[in-house]
Amino acid sequence: LESYETAETVYTDWQILEKGEDHEKVFVASAPTHILDGYVHVFQDMEVSIAAVESIAQAIARHIPKVLVSPTPVEPGKSAQKTKEKAKDVTTATAQPVAAPKPMGSLAVVLENSEILLMIVNSKNHIELTSVLPKETLSHPEEFLTEISDMRTFYDKKTAVSSIGKVFITGEGVTEELRNKVSSQLAVPAEFLQIRYPGIGSADALSFYPV
């Protein structure tokens with residue numbers, strides 16, 4: 001906010017994400033008026049009423065599917081039973097309690113025209129951590145993947161658990177190769193985040209999603 005000369009040149013808004021007994025988690029967003037006014041004028045020309053304007057981080061977070069991760073199954077136990085007549089090994093399956101899937105957080109990778117938005121949301125889909133990189137970073141895979149790993153490590157230390165259950169990737173220019181690299185780097189599954197429309201190819205649907 002300090003980069004703007006007066007309050008009239010920037011729009012600012014906030015939302016309470018979480019309330020605790022002695023704290024509140026508040027998300028604050030701001031944008032230059034000339035950027036938002038440009039969008040507003042376009043919709044006004046089309047006679048489309050605008051109900052609200054929100055940051056892309058909030059918009060993406062609202063649409064990320066809930067992530068439920070099933071616990072790693074335990075191999076059935078084995079026991080040996082001997083009889084007086086003949087020694088024989090008998091394998092018996094031991095019933096194991098089935099644990100309910102655990103809600104986990106996720107990482108969103110959003111490719112825009114000139115930037116890459118990285119965002120970690122918790123199991124309630126509340127934003128916990130964000131990072132913005134220039135899109136040119138994709139030309140340096142090690143730098144890009146290191147930033148992702150550092151974000152996950154920082155958040156895992158903060159929560160004291162392994163917190164990321166899935167990665168969602170969307171935006172202009174995303175590829176299978178990028179999805180696989182991120183999935184391999186974090187050792188968690190990754191999938192594309194898009195809206196499927198009949199007659200619209202996957203690449204176009206992915207590119208349009210952040211808009």
Side-chain angles (χ1 to χ4, degrees), residues 15-20 23-27 29 54-76 95-112 115-133 135 137-138 141-196 202-203 205-211:
Q15 179 181 3
I16 297 175
L17 298 180
E18 227 171 82
K19 286 189 176 184
H23 73 281
E24 288 184 349
K25 183 178 292 185
V26 181
F27 180 83
E54 63 183 352
S55 70
I56 189 171
Q58 285 291 90
I60 294 293
R62 289 193 299 104
H63 291 287
I64 292 177
K66 295 287 186 181
V67 176
L68 296 176
V69 178
S70 298
T72 304
V74 180
E75 292 186 5
Q96 299 291 329
V98 179
K102 175 186 177 184
M104 295 189 71
S106 56
L107 168 72
V109 180
V110 184
L111 274 57
E112 298 187 83
E115 296 177 334
I116 305 170
L117 170 64
L118 305 175
M119 178 174 62
I120 292 179
V121 299
N122 61 24
S123 59
K124 298 178 181 179
N125 279 34
H126 291 164
I127 298 171
E128 292 284 356
L129 192 63
T130 62
S131 179
V132 178
L133 302 173
K135 201 167 184 179
T137 307
L138 290 178
E142 288 301 321
E143 180 181 345
F144 172 67
L145 295 174
T146 297
E147 178 70 12
I148 289 176
S149 293
D150 289 347
M151 283 184 67
R152 201 267 290 274
T153 299
F154 178 86
Y155 186 55
D156 284 354
K157 288 181 178 179
K158 175 183 174 183
T159 58
V161 295
S162 180
S163 54
I164 303 299
K166 187 172 284 189
V167 178
F168 296 96
I169 300 180
T170 192
E172 184 177 355
V174 298
T175 61
E176 293 275 357
E177 181 183 10
L178 177 63
R179 184 184 68 177
N180 293 338
K181 282 183 178 180
V182 175
S183 178
S184 177
Q185 180 78 5
L186 299 182
V188 296
E191 66 181 56
F192 292 138
L193 188 63
Q194 62 183 313
I195 299 175
R196 299 186 185 278
S202 178
L206 285 166
S207 295
F208 185 75
Y209 193 87
V211 180

Report task. Start with the C-alpha distance between Met151 and Ile120, add both sets of side-chain angles, then the distance that settles side-chain contact (heavy atoms from CB on, under 4.5 Å), and finish with yes or no. Result -> CA-CA 8 Å; Met151 283 184 67; Ile120 292 179; 4.0 Å; yes
Query raised in the report: Can you list the steps and then say if Tyr155 with Arg152 is a side-chain contact (heavy atoms from CB on, under 4.5 Å)?
Result: CA-CA 5 Å; Tyr155 186 55; Arg152 201 267 290 274; 6.0 Å; no
Query raised in the report: What's the verdict on side-chain contact (heavy atoms from CB on, under 4.5 Å) for Ile116 and Val109, showing C-alpha distance, side-chain angles and the deciding distance?
Result: CA-CA 7 Å; Ile116 305 170; Val109 180; 4.2 Å; yes
Report task. Show your reasoning for whether side-chain contact (heavy atoms from CB on, under 4.5 Å) applies to Phe208 and Ile195. Result -> CA-CA 9 Å; Phe208 185 75; Ile195 299 175; over 6 Å; no
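When all heavy atoms of Thr130 and Met119 are compared, the closest pair comes out as CG2-CG, 4.1 Å. Taking both residues in full, the closest heavy atoms of Ala190 and Arg179 are given as O-CD, 3.5 Å, listed atom of the first, atom of the second, then distance. Residues Ser163 and Thr159 approach most closely at CB-OG1, 3.9 Å, considering heavy atoms. Across all non-hydrogen atoms, the minimal contact from Pro101 to Leu68 is CB-CB, 3.9 Å. A pairwise comparison of heavy atoms in Ser123 and Lys66 identifies O-NZ, 3.6 Å as the closest pair. When all heavy atoms are compared, the tightest approach of His63 to Tyr209 is CB-OH, 3.1 Å.
Take Glu24 and apply the side chain to side chain contact (heavy atoms under 4.5 Å, CB included) test, not counting sequence neighbours, and it matches Ile16, Lys19, Val26. Residues forming a side chain to side chain donor-acceptor pair (under 3.5 Å) with Asn125 (at least two apart in sequence, or on another chain): none. Listed by chain and residue number, Ile56, Val110, Glu115 satisfy the side chain to side chain contact (heavy atoms under 4.5 Å, CB included) test with Glu112 (two or more places apart in sequence, or in another chain). Remark: Thr175 pairs with Glu177, Leu178 by the side chain to side chain contact (heavy atoms under 4.5 Å, CB included) rule, at least two apart or across chains. For Ala203, there are no side chain to side chain contact (heavy atoms under 4.5 Å, CB included) partners at least two apart in sequence or on another chain.
Counting non-hydrogen atoms of other residues, nucleotides and ligands closer than 6.0 Å to NZ of Lys25 gives a total above 12. When the shell of 6.0 Å around CZ of Phe192 is examined, it contains more than 12 heavy atoms from other residues, nucleotides or ligands.
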When the side chains of residues 165-173 are checked against the rest of the protein, which donor-acceptor pairs come out under 3.5 Å, sequence neighbours left out?
| from | atom 1 | to | atom 2 | distance (Å) |
| --- | --- | --- | --- | --- |
| Lys166 | NZ | Glu191 | OE1 | 3.2 |
| Thr170 | OG1 | Leu193 | O | 2.6 |

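Atoms CZ and CD, on Phe154 and Glu128 in that order, are 10.0 Å from each other to the nearest 0.5 Å. Going from atom CG of Asn180 over to atom OG of Ser184 covers 8.5 Å, rounded to the nearest 0.5 Å. Taken from CD1 in Ile127 to CG in Asn122, the straight-line distance is 10.0 Å, to the nearest 0.5 Å. To the nearest 0.5 Å, atom NZ of residue Lys102 and atom CE of residue Met104 are 5.0 Å apart.
Inter-residue side-chain proximity for Gln58 and Gln15 is flagged as met; some heavy-atom pair is nearer than 4.5 Å. Ile148 has its side chain within reach of Leu107: a pair of non-hydrogen atoms, C-beta onward, lies under 4.5 Å apart.
With respect to the salt-bridge test (charged N to carboxylate O, under 4.0 angstrom), the residues Glu142 and Lys181 do not qualify.
Ser183 places a side-chain N or O within donor-acceptor distance of the main-chain N or O of Val188, the cut-off being under 3.5 Å.
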